Amino acid sequence: MALRLYDTATREVRDFVPLHRGEAGIYVCGLTVQSEPHVGHVRSAVNFDVLRRWLEHQGYRVTFIRNVTDIDDKILAKSAEQGRPWFNLAYDMHRALTSALASINVLPPTYEPGATGHVPEMIEMIASLIERGHAYPAPDDSGDVYFDVRSWPSYGELTRQGLDDMEPAGDVDADQVARKRDPRDFALWKGWKPSEPATAAWPSPWGRGRPGWHIECSAMAGKYLGSAFDIHGGGVDLRFPHHENEQAQSRAAGHGFASYWLHNAWITTAGEKMSKSLGNSLAVPKVLERVRGVELRFYMASAHYRSHVEFSFEALEEAAAGFRRIEGFLDRALTGASDHAAGSDDVELVAGFAVAMDDDLATPAAVAAIYDAVREGNRLLADGDRAGAAALARSVAASLAVLGLDAAQFPGAAGAGGDGDALSAAVDVLVRGVLEERTAARAEKDFARADALRDRLQAAGIEIDDTPQGPQWSLSTPTRIDGGP
RNA sequence: GGUGGGUUGGCCGAGAGGCGAGGCAACGGACUGCAAAUCCGUGUACACGGGUUCAAAUCCCGUACCCACCUCCA
């Protein structure tokens with residue numbers, strides 16, 4: 001059974017055949033760092049992180065490049081509004097993004113290139129496009145350079161659109177119309193304007209200016225992954241114009257570019273894409289006040305990456321409840337078990353998990369397979385088969401780890417070391433004392449007292465579980481132990 | 001106008017011709033002093049109208065509604 005992926009370019013699920021055996025090169029369009037990332041923004045990162053982890057689990061050596069766009073029209077406009085330098089806004093938002101991604105356990109990419117660090121590479125590529133007759137500097141003194149879409153016959157192939165059916169670019173001013181050979185020509189290089197900060201311009205053969213949006217990805221993918229690479233990913237909205245343009249300019253420059261195009265669907269609210277106005281309450285740190293990072297990630301990973309997700313806190317909390325059932329099983333089955341390690345390579349994944357993942361990353365089916373194993377494991381536990389349950393639990397843990405859902409890996413996870421361990425140990429001593437009293441009360445059939453003791457613990461957020469081996473306690477909502485405010 | 005996607009039970013969310021994915025919630029049962037947790041059980045779900053077929057949520061035709069993209073977008 002081999003991995004099959006849905007390729008947007010061919011609109012079909014195809015066997016994944018890497019360019020180089022055992023290796024995979026992936027380029028994912030990251031974010032323009034212009035505002036606080038919300039849950040919609042990070043979906044793409046989670047989806048492609050799952051792809052990467054699955055490939056790595058299958059033994060691929062993955063080179064994973066995810067860029068950040070750190071200079072563009074929006075960044076300039078917003079920073080001007082906020083009265084601060086554009087580079088400060090971009091840097092701040094970049095840090096917010098990094099922290100948001102870390103909070104949901106997205107692995108850092110192999111490298112995270114930014115546009116401003118790759119101006120020479122872009123200039124080189126633009127020059128080559130001009131040389132090959134696929135780009136031209138504007139005839140006026142604007143300093144702009146455009147890609148000549150009419151010079152590239154297969155323009156539109158990625159999104160199956162005919163040039164003549166497209167609406168002409170809507171954002172252009174009258175001047176731009178005059179300097180373009182075709183209204184659909186897009187900017188490779190934007191000449192500096194006096195209204196823009198001098199720091200937002202770089203020297204080039206066509207005068208000072210800054211790169212157009214699309215060229216950065218072509219240049220950086222080429223630099224870090226080579227002329228041809230395996231997978232290019234991003235959100236559905238990027239198919240056109242961004243990805244279409246990237247492919248056109250890269251291929252026009254003589255590169256093979258991506259073999260497979262993968263696009264993740266949106267997370268929407270109220271049936272519509274998340275707008276800035278709604279975005280605030282859905283900023284990742286805000287959402288993480290309601291659920292843990294691992295639960296947010298579980299919510300996102302439980303849906304197929306190509307399906308629209310209608311975000312709601314109700315659905316998010318339902319997913320969290322489901323995840324806690326899985327965790328509960330893991331806790332019970334692995335308590336006292338020798339090998340607690342999750343994700344070790346020699347542990348078998350849960351039955352059906354690999355088949356699901358190979359089928360275009362069918363995470364919903366993979367999660368269903370995990371639930372099946374949990375139910376079976378709980379049954380074994382009830383039958384007293386601790387060894388069997390522990391074995392299943394290890395498979396469950398290994399499968400979760402492939403999805404990036406190993407709770408211990410998340411920042412601030414209890415038991416991740418540091419103060420958390422000492423605090424847990426202290427609480428454990430106190431709770432055990434209360435439980436001993438309660439056990440004594442129960443032995444004397446003083447149930448009123450026993451229940452009062454249980455109520456007191458519950459009020460403190462501690463759940464009691466009476467098992468044949470005696471009472472066990474756990475936090476009713478697994479919380480982060482991070483010192484608090 | 002062009003392109004792509006969607007509509008599934010109380011809710012979330014898979015599936016893509018043939019035994020009711022899975023989860024959350026609810027209800028019944030087992031277990032329990034009572035709970036909690038867990039397990040077992042309970043649902044005649046596929047927008048609408050036609051058609052193809054022994055068999056359609058799934059394929060075909062048509063209709064309605066929703067969403068995305070068409071040079072700022074995850």
Side-chain angles (χ1 to χ4, degrees), chain A residues 8 11 28-32 34 37-48 69 72-75 77 147 149 156 159-162 164-172 183-187 212-214 233-242 244-245 263-268 271-276 299 302-304 306-310 312 314-323 325-326 328-329 332 352 356 362-372 374-379 381-383 442 445-448 450-451 454-455 458 463-468 472 474 476:
Chain A
T8 307
R11 285 194 305 181
V28 175
C29 286
L31 288 174
T32 298
Q34 43 119 358
H38 57 61
V39 287
H41 286 131
V42 296
R43 179 184 191 183
S44 164
V46 168
N47 289 155
F48 289 106
T69 298
D72 87 323
D73 293 349
K74 259 192 172 168
I75 292 174
F147 184 85
V149 294
T159 49
R160 285 155 211 279
Q161 298 185 88
D164 296 313
D165 294 327
M166 292 179 198
E167 289 178 1
D171 66 331
V172 293
R184 273 124 330 193
D185 288 353
F186 56 91
W213 174 36
H214 318 294
V236 274
D237 57 314
L238 295 179
R239 282 177 309 191
F240 193 88
H242 188 53
E244 188 73 66
N245 291 356
H263 291 100
N264 64 278
W266 292 92
I267 294 185
T268 59
E272 289 173 17
K273 78 194 269 185
M274 281 183 189
S275 66
K276 271 289 102 49
Y299 172 68
S302 300
H304 188 88
R306 285 195 284 122
S307 295
H308 291 250
V309 169
E310 174 68 17
S312 73
E314 291 70 25
L316 177 61
E317 267 147 24
E318 277 181 10
F323 187 74
R325 182 153 80 84
I326 298 173
F329 164 65
R332 287 188 298 276
T363 52
V367 168
I370 289 174
Y371 276 117
D372 286 342
V374 168
R375 197 182 320 106
E376 175 61 19
N378 275 324
R379 211 178 282 139
L381 229 35
D383 292 348
R442 290 177 72 203
K445 304 253 189 255
D446 184 358
F447 296 122
D451 289 351
R454 182 172 62 197
D455 289 347
Q458 271 173 347
E463 290 299 326
I464 305 306
D465 177 18
D466 289 321
T467 74
Q472 307 262 322
S474 60
S476 48

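Lettering follows sequence order; numbering is per chain, from 1. Everything numeric here is computed off the predicted structure, so don't read it as measured data.
Between the P atoms of B:rC12 and B:rC69, the separation comes to 23 Å (whole Å). The gap from the C1' atom of B:rG23 to that of B:rU58 amounts to 23 Å, rounded to the nearest Å. If you take atom P in B:rA56 and the same atom in B:rA14, they sit 25 Å apart, rounded to whole Å. Going from the P atom of B:rG43 to that of B:rG10 covers 14 Å, rounded to whole Å. Of the C1' atoms belonging to B:rA21 and B:rU53, the separation is 26 Å, rounded to the nearest Å. When the C1' atom is used for both B:rG50 and B:rG4, the distance is 26 Å, rounded to whole Å. To the nearest whole angstrom, the two P atoms, one in B:rG13 and one in B:rA47, are 15 Å apart. For the C1' atom pair drawn from B:rC46 and B:rG15, the interatomic distance equals 11 Å after rounding to whole Å.
Residues A:Val236 and A:Trp266 have side chains in contact (heavy-atom distance under 4.5 Å, counting atoms from C-beta outward). A:His41 is not listed as a side-chain neighbour of A:Ile267, based on a closest heavy-atom distance of 4.5 Å or more.
Of the candidates B:rC40, B:rC69, B:rG33, the closest approach to any side-chain atom of A:Phe447 belongs to B:rG33. If you check B:rG5, B:rC34, B:rC70 against the side chain of A:Asp451, the one that comes closest is B:rC34. Distance from the side chain of A:Glu310 is smallest to B:rG13 among B:rC69, B:rU71, B:rG13. Side-chain proximity of A:Arg379 to B:rC34, B:rU71, B:rC40: nearest is B:rC40. In the set B:rC70, B:rA14, B:rA74, the nucleotide with an atom closest to the side chain of A:Ala303 is B:rA14. For A:Gln34, whose side chain is taken as the heavy atoms from C-beta onward, the closest listed nucleotide among B:rA74, B:rG2, B:rA37 is B:rA74. Counting only heavy atoms from C-beta on, A:Arg160 has its side chain closest to B:rU3 among B:rA74, B:rU3, B:rC72. Closest approach to the A:Ile267 side chain among B:rA74, B:rU71, B:rC70 is made by B:rA74 (side chain taken as heavy atoms from C-beta onward).
Residue-level contact check: A:Arg454 touches the bases, meaning some heavy atom is under 4.0 Å from a base atom. Contact annotation for A:Gly40: base contact, defined as any heavy-atom pair under 4.0 Å involving a base atom. Among the protein residues, A:Gly30 comes within range of the sugar-phosphate backbone only, with heavy atoms under 4.0 Å from sugar or phosphate atoms but none that close to a base. Within 4.0 Å (heavy atoms only), A:Asp466 reaches at least one base atom of the nucleic acid. Contacts of A:Leu381 with the nucleic acid, taken as non-hydrogen atoms under 4.0 Å apart, are absent. Across all strands shown, A:Asp72 has heavy atoms under 4.0 Å from sugar-phosphate atoms exclusively, and none from any base. Within 4.0 Å (heavy atoms only), A:Leu31 reaches sugar-phosphate atoms of the nucleic acid but no base atom.
With RNA chain B read from its 5' end, the first of the two nearest nucleotides for A:Val149 and A:Ser312 is the one closest to A:Ser312. Residue-to-nucleotide proximity on RNA chain B shows that, of A:Pro241 and A:Ala450, the 5′-proximal contact is made by A:Ala450.
When rounded to the nearest whole Å, the span between CG of A:Asn378 and P of B:rC31 equals 18 Å. Here B:rC69 presents its P atom at 13 Å from NE2 of A:His263, a figure rounded to the nearest Å. If you measure from atom OH of A:Tyr299 to atom P of B:rG13, you get 6 Å, rounded to the nearest angstrom. Protein atom NE2 of A:His304 is 13 Å distant from nucleotide atom C1' of B:rG5, rounded to whole Å. Rounded to whole Å, the distance from CD on A:Glu244 to C1' on B:rC72 is 18 Å. Rounded to a whole Å, the CD1 atom of A:Ile464 is 16 Å from the P atom of B:rU38. Between A:Arg306 atom CZ and B:rA74 atom C1' there is a gap of 17 Å when expressed in whole angstrom units. Atom CZ of A:Arg11 and atom P of B:rC69 are 19 Å apart (whole Å).
Side-chain N/O atoms of A:Ser307 include one lying less than 4.0 angstrom from OP1 or OP2 on B:rA14. Under 4.0 angstrom from either OP1 or OP2 of B:rA74 there lies at least one side-chain N or O belonging to A:Thr32. Checking the phosphate oxygens (OP1, OP2) of B:rU71, no side-chain nitrogen or oxygen of A:Asn245 falls inside 4.0 Å. Not one side-chain nitrogen or oxygen of A:Arg239 sits closer than 4.0 Å to the OP1 or OP2 atom of B:rU3.
Nucleotide B:rA57 is matched to nothing when pairs are restricted to Watson-Crick or G-U wobble geometry with both distances under 3.5 angstrom. With a cut-off of 3.5 Å on both pairing distances, the Watson-Crick or G-U wobble partner of B:rG62 is B:rC48. When Watson-Crick and G-U wobble pairs are counted only if both distances are under 3.5 Å, B:rA14 pairs with no nucleotide at all. In a base pair of the Watson-Crick type (N1 to N3 plus N6-O4 or O6-N4) or a G-U wobble (N1-O2 and O6-N3), with each distance short of 3.5 Å, B:rA25 is matched with no nucleotide. Within the shown strands, B:rC67 is the pairing partner of B:rG4 under the Watson-Crick or G-U definition, both distances less than 3.5 Å.
Between the side chain of A:Glu244 and the backbone N or O of A:Thr159 there is at least one donor-acceptor pair closer than 3.5 Å. A:Asp185 places a side-chain N or O within donor-acceptor distance of the main-chain N or O of A:Val149, the cut-off being under 3.5 Å. Of the possible donor and acceptor atoms, one in the side chain of A:Ser312 sits under 3.5 Å from a partner among the backbone N and O of A:Ala315. Of the possible donor and acceptor atoms, none in the side chain of A:Arg306 sits under 3.5 Å from a partner among the backbone N and O of A:Ala265.
Expressed to the nearest 0.5 Å, how far SG of A:Cys29 lies from CG of A:Leu238 amounts to 5.5 Å.
Classification of A:Asp465 and A:Arg332 as a salt-bridged pair fails, no side-chain N sitting under 4.0 Å from a carboxylate O.
When all heavy atoms of A:Pro364 and A:Ala303 are compared, the closest pair comes out as CG-C, 4.0 Å.
In this model, a donor atom of one side chain and an acceptor atom of the other lie less than 3.5 Å apart for A:Thr8 and A:His263.
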Would you please test A:Thr69 and A:Leu31 for side-chain contact (heavy atoms from CB on, under 4.5 Å) and show each step?
-> CA-CA 6 Å; A:Thr69 298; A:Leu31 288 174; over 6 Å; no
Strictly under 3.5 Å: I want the nitrogen or oxygen pairs between protein and nucleotides 21-27 of chain B, one per line.
unit_1, atom_1, unit_2, atom_2, d
B:rG23, OP1, A:Arg325, NH2, 3.3
B:rG23, OP1, A:Arg375, NH2, 3.2
B:rG23, N2, A:Glu318, OE1, 3.1
B:rC24, OP1, A:Arg325, NE, 3.0

